[in-house]
J.: 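Provided herewith is a single structure, encoded as structure tokens, for subsequent inquiry.
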Protein chains: 2
Amino acid sequence: MNTRMADNVREALEQMIVTGEFADGERLDEIRLAERFHVSRTPLREAFQMLAASGLVELVPRRGAFVRHPAFHEMIEMFEVMAELEAVCGRLAARRVTPEVLEQVRATVIACEAAVEAGDSDGYYRENEHFHQLIYAASGNDFLAQESQRLHKRLQPFRRMQLRVRGRMIQSLTEHRQILTALETGDSDTAEAVLRDHVAVQGGKFNDLMASYKQSNLRANSQPMAMRG
Amino acid sequence: MNTRMADNVREALEQMIVTGEFADGERLDEIRLAERFHVSRTPLREAFQMLAASGLVELVPRRGAFVRHPAFHEMIEMFEVMAELEAVCGRLAARRVTPEVLEQVRATVIACEAAVEAGDSDGYYRENEHFHQLIYAASGNDFLAQESQRLHKRLQPFRRMQLRVRGRMIQSLTEHRQILTALETGDSDTAEAVLRDHVAVQGGKFNDLMASYKQSNLRANSQPMAMRG
DNA sequence: GTCAAACGTTTTGTATACAAGAATTCGATT
DNA sequence: AATCGAATTCTTGTATACAAAACGTTTGAC
């Protein structure tokens, strides 16, 4: 819990938006939310600014803040960019990774294996997150790592949907192993290629994602509600 | 001029920071700036939020807003990411570009040629911006285009430094021609490779950039001034 | 002379007040 | 009955007021 109310409100709203508590295009009522969080409108508006910066809401002047769930095609676009960012991270990491970080990656892959054997999908989710954080850091480019993390975080709810799909965990683990080997041997081409495919939405994954997207309460609509006819 | 004061203040501050009007680590005094812009602290603080989101200032709780000029190595990192983003844009664009956009790219290259012949470096700068915007759009991925544009804008001051270097305009134009050809022939590998090298800071460009960086009044320091000993 | 505690000052973070721009309601007119 | 428009109500954007945290300075003890 931060001492700044604005940060707490941002976090709370972020969670609420990401978990689909608001419909797409819904207006965030300043007064009602201020009452709900027991704060004044000032920190709430600061939170709106931050949410707008990360693309979760759209601020329309003199109209208000509208939640902005990505349409399906936008989500696909984001995954395409994510795949490229991870591919670059992998390519650079294969050349730049330090023995210490490599050891951590190894440990994470082992933890992933354990999670798969135990059928612990939550545990796998955690270790998977860790794995990707390590790849970002291993790129040796802090700015790249930061940007990758930012987008990774934004795609979190959709990734969560994905993990439910049968057999996905095993496939993911196999790819993690391949990536680890590529890093160990300094094979940047393989690291790049496997990571791109690992993240990319294609083939069966596309259909799985589409199905879970439709089931979710995140509705696709690029127009803010204020603009609707 | 926007009707929202906060947006105007953001834009003004952005320009001031980018042009080096503030030293790195300098604290932005809310009261003094509010007086200077003839606004209250409220819209000023909103502007701070936005600037923090785009990385131009660092918001330290209970301490204030500190301007954050990238250190040299951070700038290099950003260029590395920019090169990769443009490379991806190029690769996708070679496959997806529409005849209409391709025609616009052609026109822009012609305008670049005219600017070089006329020795009009401002004109070249403008057309060069246009060229890259078109490449982003041609990628067919709006999210990618948006992110590329965001980073492109952030690197603007450094790119401006670069254009002063002798012979850079001619080299840039040659590369533009190569990229255009790659797009016309759908050669995604070439488009990717040329664009990466076009943007990448390497060889002579590295030294040129370092020299102009040192000359600029943008000082490298990753610590906020409040934290200094 | 140095260090630290206490006091006063400055500055941030939040609440509230107020003005101006949207949205809505309701009545008048065709 | 539908539509246009004026009046009313809400909501946003900004200013100001106030509380609490950080900062600086002075004073006192060793």
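Hydrogens, waters and symmetry mates are skipped; everything else that's a heavy atom, side chains included, is used. Letters A, B, ... are given to chains in the order of the sequence lines, protein chains preceding strands, and every chain is numbered from 1.
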J.: E46(A) or D29(B): which one's nearest nucleotide on DNA chain C is closer to the 5' end?
T.: D29(B)

J.: May I ask you to say whether E21(B) pairs ionically with R36(B), meaning some side-chain N is under 4.0 Å from a carboxylate O?
T.: yes

J.: Kindly say if R41(B) contacts the phosphate of dT14(C), meaning a side-chain N or O under 4.0 Å from OP1 or OP2.
T.: no

J.: Would you mind reading off the distance between M5(A) atom CE and dT12(C) atom C1', rounded to a whole angstrom?
T.: 15 Å

J.: So, does R4(B) get its side chain near the phosphate of dG21(C), meaning an N or O under 4.0 Å from OP1 or OP2?
T.: no

J.: May I ask you to decide if the ring planes of H176(A) and H132(A) are parallel, tilted or perpendicular, using 30° and 60° as cut-offs?
T.: perpendicular

J.: Classify the angle between the aromatic ring planes of F131(A) and H198(A) as parallel (below 30°), tilted (30 to 60°) or perpendicular (above 60°).
T.: perpendicular

J.: Can you identify which nucleotide, out of dT11(C), dA15(D), dT14(D), has its nearest atom closest to the V39(B) side chain?
T.: dA15(D)

J.: Could you tell me how far apart F48(A) (CZ) and dT12(D) (P) are, to the nearest whole angstrom?
T.: 8 Å

J.: Round to a whole Å and report the spacing from CG of L59(A) to C1' of dT14(D).
T.: 15 Å

J.: Going through the checks in order, is the salt bridge (Lys or Arg N to Asp or Glu O under 4.0 Å) test met by E86(A) and R196(A)?
T.: CA-CA 6 Å; E86(A) 298 234 5; R196(A) 182 180 287 117; over 6 Å; no

J.: Given dT12(D), dT14(D), dA15(C), which nucleotide is nearest the side-chain atoms of P43(B)?
T.: dT14(D)

J.: In terms of side-chain heavy atoms of R62(B), which of dA15(D), dT12(D), dA22(D) is nearest?
T.: dA22(D)

J.: Once you round it to whole Å, what is the distance between P of dT14(D) and CD of E30(B)?
T.: 15 Å

J.: Would you tell me if any nitrogen or oxygen in the side chain of S40(A) comes within less than 4.0 Å of OP1 or OP2 on dA15(C)?
T.: yes

J.: In this structure, how many angstroms lie between the C1' atom of dT16(D) and the CD atom of E35(B), rounded?
T.: 14 Å

J.: Think R63(B) has a side-chain N or O under 4.0 angstrom from the OP1 or OP2 of dC23(D)?
T.: yes

J.: Measure from CZ on R45(A) to P on dT16(C) and round the result to the nearest Å.
T.: 16 Å

J.: How many Å lie between CD on Q49(B) and P on dT12(C), as a whole number?
T.: 13 Å

J.: Establish, yes or no, whether a centroid distance under 6.0 Å links the rings of F158(A) and F72(A).
T.: no

J.: Measure the distance from NE2 on H38(A) to P on dT16(C) and round it to the nearest whole Å.
T.: 14 Å

